Amino acid sequence: MNRQKSFDNSNPTLYLVATPIGNLSEVSYRVITTLKEVDYIAAEDTRVTIKLLNHYDINTKLISHHEHNLNTAITRIIGLLEQGNNIALVSDAGYPAISDPGYELVSAAIEKDINVVVVNGPNAALGALVVSGIAPQPFMFYGFLDHKDKNKRKQLEKLKKYEETIILYESPHRISKTLELMLSIMGDRKIALARELTKKHEEIIRGNISEVLTVAAELKGEMVIVVSGNKETKDVEFNNTVIEHINELIELGLSSREAIKEVAKIRNLKKSDVYNEYHTIKEDR
Ligand code: SAM
């Protein structure tokens, strides 16, 4: 057990500071004072964070906490904390550790009995959720889907069953393909695509996946997809047979064994039944 009374001990503190996701005015007084008062700011990309620091006239020393030097960075940051320094961790935007580096440093700090304290601010997922018009709870934050179609398809097959509202991060050059896959796998669900939140070109597109798809190719900027959960689309039905489903997965590169296992899981069927159906049909040919 690790019991932390954040403001009632003399241990050093790692502050997890959420920073703007676009609009630089979106910072609290506490964010500014924390960034000014700590001994170091550990940043995902110091070139991004310096813009925020310059804007608010913050002169705290920046150190790097980049994905590509994570182990070295963590060793250095933990060393500085153990010497009694307080450190603020920031990512390029929003909360550190949310689809951004941070989790490993938090775990390492907790191991060493260092206080880990959050300083709240904007987050793209929650911003999109509350403006989506889709049931805000229960929700499940998934973050980025895998870039590879085969893996993305597998992930969507799993997500399809969730009754919770689902929140996804996606990049503009993958959005059309992702929505196409979502349509074919999850059905024509109600979604909201929130892009460029808090910025000049902020836009929220609410509709069914097929409607949003008609404009997806022209969309630019950072975006979040909020997808209604399975219970809001009670009529989600499989538009393919078990055999067609297996063959589709095989075409995507799964072995017949993997495809049978996956189809049984997705359709909530017994693996032996799916196996028998597949092999009976094959032998009949
Ligand atoms: N740590 C961040 C947070 O707390 O939201 C998320 C960082 S993740 C690397 C970046 C992704 O967040 C983008 O690809 C996009 O999906 C989403 N995002 C960030 N800023 C956004 C914005 N202003 N509007 C919409 N989505 C945004």
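Atoms within each ligand, like the ligands themselves, are counted from 1 in listed order. All values below come from the heavy atoms of this structure, side chains included, with hydrogens, waters and symmetry mates left out. From a predicted model like this one, the values you see are computed outputs, not experimental measurements.
Under the 3.5 Å distance criterion, the side-chain polar atoms of Tyr56 are matched with a main-chain donor or acceptor of Leu24. In this structure, Asp188 contributes its side chain and Ser210 its backbone to a donor-acceptor pair below 3.5 Å.
The only member of Val226, Val224, Leu159 that meets side chain to side chain contact (heavy atoms under 4.5 Å, CB included) when paired with Leu168 is Leu159. Across Glu157, Glu170, Glu180, a single residue satisfies salt bridge (Lys or Arg N to Asp or Glu O under 4.0 Å) together with Lys152, and that is Glu170.
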Give one line per pair: atom of ligand 1, protein atom, distance. Only N/O to N/O under 3.5 Å.
{"from": "ligand 1", "atom 1": "1 (N)", "to": "Ala93", "atom 2": "O", "distance (Å)": "3.0"}
{"from": "ligand 1", "atom 1": "1 (N)", "to": "Tyr95", "atom 2": "O", "distance (Å)": "2.9"}
{"from": "ligand 1", "atom 1": "1 (N)", "to": "Ile98", "atom 2": "O", "distance (Å)": "2.9"}
{"from": "ligand 1", "atom 1": "1 (N)", "to": "Asp100", "atom 2": "OD2", "distance (Å)": "2.9"}
{"from": "ligand 1", "atom 1": "4 (O)", "to": "Tyr95", "atom 2": "N", "distance (Å)": "2.9"}
{"from": "ligand 1", "atom 1": "4 (O)", "to": "Asn123", "atom 2": "ND2", "distance (Å)": "2.9"}
{"from": "ligand 1", "atom 1": "5 (O)", "to": "Asn123", "atom 2": "ND2", "distance (Å)": "3.2"}
{"from": "ligand 1", "atom 1": "5 (O)", "to": "Ala124", "atom 2": "N", "distance (Å)": "3.0"}
{"from": "ligand 1", "atom 1": "5 (O)", "to": "Tyr169", "atom 2": "OH", "distance (Å)": "2.7"}
{"from": "ligand 1", "atom 1": "16 (O)", "to": "Met223", "atom 2": "O", "distance (Å)": "2.5"}
{"from": "ligand 1", "atom 1": "20 (N)", "to": "Glu222", "atom 2": "OE1", "distance (Å)": "3.3"}
{"from": "ligand 1", "atom 1": "23 (N)", "to": "Ile21", "atom 2": "O", "distance (Å)": "2.9"}
{"from": "ligand 1", "atom 1": "23 (N)", "to": "Leu197", "atom 2": "N", "distance (Å)": "3.3"}
{"from": "ligand 1", "atom 1": "23 (N)", "to": "Leu197", "atom 2": "O", "distance (Å)": "3.0"}
{"from": "ligand 1", "atom 1": "24 (N)", "to": "Glu196", "atom 2": "N", "distance (Å)": "3.4"}
{"from": "ligand 1", "atom 1": "24 (N)", "to": "Leu197", "atom 2": "N", "distance (Å)": "2.9"}

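Between Arg47 and Asp45, at least one side-chain N (NZ, or NE/NH1/NH2) sits under 4.0 Å from a carboxylate O, which counts as a salt bridge.
Nearest approach of Asn120 to Val31, heavy atoms of both residues: O-CG2, 3.7 Å.
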